[in-house]
Amino acid sequence: MVRTREERIRDLGGLMLEMYRRDQFKQDLLIEQCLEVISIEERLREIDTMLEAATTARHEGVGIRCTCGAPILWGSHFCGNCGRPVGAEPVVSCPNCGNALAADAQFCPSCGTPVPEGARGDAESGEGDQTMLQSDRSRDPWES
């Protein structure tokens with residue numbers, strides 16, 4: 001965005017120089033180019049304001065610490081120090097490794113442990129249904 005702004009300002013200066021050389025000043029073209037540079041500058045100010053707010057919130061510690069005092073990384077579902085769930089809604093976790101699971105997960109993506117029926121979310125799963133992954137795991141691929 002900054003590079004685009006610099007290019008537009010350079011182009012605006014070149015346009016003004018050519019108009020002067022040819023003695024053909026076109027105010028509407030110049031105004032159009034200036035308005036484009038101004039809109040880019042406004043967007044840059046907007047981005048700077050958002051970055052400043054995020055940096056201030058991070059330095060003040062707003063919402064980034066667990067009750068145990070450990071920092072919470074963005075996107076975490078559990079505290080890395082004490083294991084408490086983060087956020088308003090508890091997330092289903094793997095009974096073996098504690099990794100967060102999707103509501104319809106049948107196996108843990110981290111360790112491969114089957115998810116117990118009671119721990120699943122709203123997934124509809126029949127007792128006789130078997131996925132390709134389940135049927136492939138039931139036999140050893142090296143034994144044929």
Side-chain angles (χ1 to χ4, degrees), residues 1-138 141-142:
M1 189 64 94
V2 174
R3 185 177 297 150
T4 304
R5 176 186 169 270
E6 291 172 358
E7 289 172 0
R8 298 285 190 231
I9 290 174
R10 186 181 62 231
D11 293 345
L12 182 61
L15 177 65
M16 186 68 186
L17 181 62
E18 278 302 308
M19 286 181 182
Y20 176 78
R21 282 186 184 159
R22 296 179 184 196
D23 199 24
Q24 294 178 346
F25 187 76
K26 295 186 180 184
Q27 186 175 357
D28 58 334
L29 182 60
L30 205 54
I31 289 173
E32 180 183 322
Q33 296 293 319
C34 287
L35 289 175
E36 193 173 322
V37 171
I38 289 172
S39 70
I40 291 171
E41 287 178 342
E42 287 173 355
R43 180 65 180 143
L44 285 171
R45 266 189 243 110
E46 212 176 284
I47 291 170
D48 283 341
T49 304
M50 290 187 318
L51 284 172
E52 185 177 330
T55 302
T56 303
R58 175 171 267 157
H59 286 141
E60 291 175 358
V62 176
I64 60 167
R65 296 233 175 241
C66 179
T67 54
C68 71
I72 302 294
L73 299 176
W74 179 260
S76 296
H77 296 289
F78 299 96
C79 174
N81 186 45
C82 67
R84 284 187 180 103
V86 176
E89 293 183 17
V91 177
V92 178
S93 64
C94 174
N96 185 39
C97 70
N99 187 40
L101 300 172
D104 61 346
Q106 295 182 3
F107 291 92
C108 174
S110 182
C111 68
T113 303
V115 178
E117 287 293 321
R120 290 193 194 149
D122 297 327
E124 297 176 16
S125 58
E127 292 180 4
D129 295 344
Q130 220 178 23
T131 63
M132 178 80 86
L133 186 58
Q134 288 172 322
S135 63
D136 287 343
R137 284 183 173 258
S138 63
W142 298 104

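Side-chain atoms are counted along with the backbone in the values below, which use heavy atoms only and exclude waters and symmetry mates. All values reported here derive from a predicted model rather than from experimental measurement. The residues of the chain are indexed from 1 along the displayed sequence.
- Evaluation of the side-chain contact (heavy atoms from CB on, under 4.5 Å) rule for Arg45 yields Glu41, Glu42 as partners, not counting sequence neighbours.
- Scored by the side chain to side chain donor-acceptor pair (under 3.5 Å) test, Glu46 finds Arg43 as partners (sequence neighbours excluded).
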Taking only distance into account, with no hydrogens and no angle test, what donor-acceptor pairs under 3.5 Å do side-chain atoms of residues 23-32 form with protein atoms, sequence neighbours excluded?
none

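- The distance from atom CD1 of Ile47 to atom CE of Met1, rounded to the nearest 0.5 Å, is 4.5 Å.
- In this structure, Arg10 has no side chain to side chain donor-acceptor pair (under 3.5 Å) partners at least two apart in sequence or on a different chain.
- When the side chain to side chain donor-acceptor pair (under 3.5 Å) test is applied to Asn96, the partners found at least two apart in sequence or on another chain are Thr113.
- With values rounded to the nearest 0.5 angstrom, Thr4 atom OG1 is found 11.0 Å from Ile9 atom CD1.
- Between Ser110 and Cys94 the shortest side-chain heavy-atom distance does not fall below 4.5 Å.
- Side chains of Val2 and Glu6 form a contact here, defined as non-hydrogen atoms less than 4.5 Å apart.
- Cys34 meets the side-chain contact (heavy atoms from CB on, under 4.5 Å) test with Leu12; sequence neighbours excluded.
- The pair Arg21-Glu18 meets the salt-bridge criterion, with a side-chain N (NZ, NE, NH1 or NH2) lying under 4.0 Å from an Asp/Glu carboxylate O.
- For the atom pair CG (Leu17) and CZ (Arg22), the distance works out to 10.5 Å, reported to the nearest 0.5 Å.
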